[in-house]
There are 2 protein chains.
Amino acid sequence: MEMKSVTRSLRILEAVAQHQPVTVGELTKLFGLPKSTVQRTLVTLNEAGWLRANRKDTTRWEIGARVLAVRPAALQGSSLFAAAREPMIRLRDTLNETIHLSVPDALQSMVVVDRVDCHHAVRTFYGIGDTSPLHATATGRAILAHLPKADVEELISHGLQSFSESTPADPDRLRAEVERVRADGYSVNLNQYRPDVCAVAAPILDEDGTPLASVAVSMPDSRYDAARLPEWGRLVADTAAEIAARRLGA
Amino acid sequence: MEMKSVTRSLRILEAVAQHQPVTVGELTKLFGLPKSTVQRTLVTLNEAGWLRANRKDTTRWEIGARVLAVRPAALQGSSLFAAAREPMIRLRDTLNETIHLSVPDALQSMVVVDRVDCHHAVRTFYGIGDTSPLHATATGRAILAHLPKADVEELISHGLQSFSESTPADPDRLRAEVERVRADGYSVNLNQYRPDVCAVAAPILDEDGTPLASVAVSMPDSRYDAARLPEWGRLVADTAAEIAARRLGA
DNA sequence: CACAACGTTCCACAATGTGGCACGGCCTCA
DNA sequence: TGAGGCCGTGCCACATTGTGGAACGTTGTG
């Protein structure tokens, strides 16, 4: 609980990202802070290169490109990122469903880092940077299955939030789920987090077996076909394995 | 010149990004700051979700995935990003040279936001988040050619740094270059920024003609063939136009 | 076993960020 | 045209907040 000004500045930065391009006034309303405080913060963030004035309306602020140089280690040098791209597109072409690449952020959440859209008129939607809970999604459990058991227990001890009737909020059910994923090589989510959304995912492992990220194919409930699950699971797992291999080869 | 603690915290955040995973001690040496100051800053950034402890060595800090939710407007919802991907890969397959997608950051610099690598053993290398000057690169001049002339003059008034013998550091030469780019629809850079690196670029325009980003094919000097420039220029320009069209269609 | 290096904690001091207020420009509506 | 409202910006006395030297606990090394 320290560095109030820094914490507040980062909150403001995040708010700008969500509402860009945004004015000082809009932000003061959003935070209930004095105008001068918000103004001073924006000027400081601008001088640091993290913010810039909108070209067309200079009273509006938006995120500067500087932030792109600040990325999680897993994406640094973009070896994972670059390695994943083509296999993801091929998987999308094979299944014609949206493919997501996600990385774990501590044990808190999975974060979407890349996306290849399907061509259907009805699509699932997650944006880059969006987060989801580890226990309630296919993408999260693909990671959990390859973490030390102590980590899974730690996650359980923090409490398992329920998002729908099918969320595995019960510790034993989650443990069984995770075992099954490790055995099968892929994870499945049927309406456990967002209603009407199903997904199949597989982990991308480091050379020493540490899970770095996961690939997932996600689709509306209406297009999910249980009979084809083994085939889809294999395809997703193969894609994840190919990405892992390419990453090491690079 | 205000909010010293905020400015410093952001500098530290950037340093973590560059050196991750990094310890408190390494950062104190890097900045010459007291240990306690660095320590306090890291804890604050961690609590804000921007940093996290490395899983394998908890005394080392790395960038958290939270930053991915903070992106420049041009990439928001990743319409540009998603639209660019497949045309870039096709261009790479056609030319077998590395393709970059870059966006302008104010009039300061171009920032690489995406990359598709070629298959040659010898490649040009720019990482995501890397920056380059607007006047000295193909990717920058593709943007300049579609900005109001006042902006070009403003850039000139800030001074044109020279990076090699062929850098267009002379205002009149740059103005002529920019005119030529507008007429041709593509820009060229022959060793003007980095030695031995050549590039051909074209702008991706908004519906009202504002340049949002540029696509560039870059290659080692040794593989550049002047005779094929018109053909390559046309291919790059076509790719840029296709990306612009896809972006609007999405 | 002792020393060195490191991450972490504490606390008195004052530098730093705060926010109420006032100014000036812009737009709207009478 | 002019008054009123709204917005972004600049100022400054106050005290909250961040600072950094020093001391502590732990780890690993010669």
Side-chain angles (χ1 to χ4, degrees), chain A residues 1-64 73 106-107 148 150 154, chain B residues 1-64 73 106-107 148 150 154:
Chain A
M1 295 291 103
E2 351 187 44
M3 302 249 179
K4 216 164 159 177
S5 63
V6 173
T7 304
R8 187 157 56 192
S9 297
L10 293 174
R11 287 279 112 73
I12 289 178
L13 190 64
E14 290 164 11
V16 171
Q18 275 179 30
H19 299 94
Q20 64 185 317
V22 71
T23 64
V24 176
E26 288 162 5
L27 289 169
T28 61
K29 276 170 201 155
L30 199 59
F31 286 93
L33 288 168
K35 271 192 301 183
S36 45
T37 301
V38 175
Q39 160 80 356
R40 195 162 359 93
T41 304
L42 292 174
V43 169
T44 303
L45 292 173
N46 176 56
E47 281 172 358
W50 287 64
L51 239 51
R52 66 179 181 207
N54 185 288
R55 293 200 65 79
K56 293 171 187 172
D57 177 355
T58 54
T59 71
R60 293 191 168 268
W61 296 92
E62 55 193 24
I63 300 294
L107 278 174
E154 189 189 330
Chain B
M1 295 287 105
E2 352 186 44
M3 301 249 178
K4 218 164 159 177
S5 63
V6 173
T7 305
R8 187 157 56 192
S9 297
L10 293 174
R11 288 278 112 74
I12 290 177
L13 190 63
E14 290 164 11
V16 172
Q18 274 178 32
H19 300 94
Q20 63 185 317
V22 71
T23 64
V24 177
E26 288 162 6
L27 289 168
T28 61
K29 276 169 201 155
L30 199 60
F31 286 93
L33 288 169
K35 271 192 302 184
S36 47
T37 301
V38 174
Q39 161 81 355
R40 194 163 359 93
T41 304
L42 291 175
V43 169
T44 303
L45 292 173
N46 176 56
E47 281 172 359
W50 286 64
L51 239 50
R52 65 179 181 206
N54 185 289
R55 292 200 66 79
K56 294 171 188 173
D57 177 355
T58 53
T59 71
R60 293 191 167 268
W61 296 92
E62 56 192 24
I63 300 294
L107 278 174
E154 190 189 329

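FYI, side chains are in, hydrogens and waters are out, and symmetry mates aren't considered; it's all heavy atoms of this structure. Numbered from 1 within each chain, the chains take letters A, B, ... in sequence-line order.
- Closest to the B:Ser36 side chain, of the nucleotides D:dG20, C:dC6, C:dG7, is D:dG20.
- B:Met3 places its CE atom 17 Å from the P atom of D:dT16, with the value rounded to the nearest Å.
- The NZ atom of A:Lys35 sits 10.5 Å away from the NZ atom of A:Lys29 when rounded to the nearest 0.5 Å.
- With C:dT9, C:dG17, C:dG19 as the candidates, the nucleotide lying closest to the side chain of B:Lys4 is C:dG17.
- Put simply, CG on A:Leu51 is 14 Å from P on D:dG8, counting in whole angstrom units.
- Residue B:Thr59 places no side-chain N or O under 4.0 Å from the OP1 or OP2 atom of C:dC6.
- Distances from the side chain of A:Gln39 to the nucleotides C:dT8, D:dG10, D:dG20 place D:dG10 closest.
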### Query
Could you walk me through whether A:Leu10 and A:Val6 pass the side chain to side chain contact (heavy atoms under 4.5 Å, CB included) check?
CA-CA 6 Å; A:Leu10 293 174; A:Val6 173; 4.2 Å; yes
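- With no hydrogens or angles considered, a side-chain donor-acceptor pair links B:Trp50 and A:Glu14 at under 3.5 Å.
- Between B:Asn46 atom CG and C:dT8 atom C1' the separation is 14 Å, expressed in whole Å.
- Phosphate proximity of C:dT16 to B:Ser5: absent, as no side-chain N or O sits under 4.0 Å from OP1 or OP2.
- Closest contact between the side chain of B:Lys35 and the listed nucleotides C:dT16, C:dC6, D:dG18 involves C:dC6.
- Along DNA chain D, the nucleotide closest to B:Thr41 and the one closest to A:Trp61 are compared, and the more 5′ of them pairs with A:Trp61.
- Side-chain proximity of B:Lys29 to the nucleotides C:dC6, C:dG17, D:dG8 is greatest for C:dC6.
- One donor-acceptor pair, N or O on each side, does fall under 3.5 Å between the base of C:dG19 and the side chain of A:Arg40.
- In this structure, the CG atom of B:Leu42 is 11 Å from the C1' atom of C:dG7, given to the nearest Å.
- A:Met3 is not listed as a side-chain neighbour of B:Glu47, based on a closest heavy-atom distance of 4.5 Å or more.
- Heavy atoms only, all atoms of each residue included: B:Leu42 and B:Leu51 are closest at CD2-CD2, 3.4 Å.
- One can place CD1 of A:Ile12 at 14 Å from P of C:dG17, the figure rounded to the nearest angstrom.
- Here B:Thr37 lies in heavy-atom contact (under 4.0 Å) with a base.
- One interatomic measurement links the two molecules: CZ of A:Arg60 to C1' of C:dC26, which rounds to 15 Å at whole-angstrom precision.
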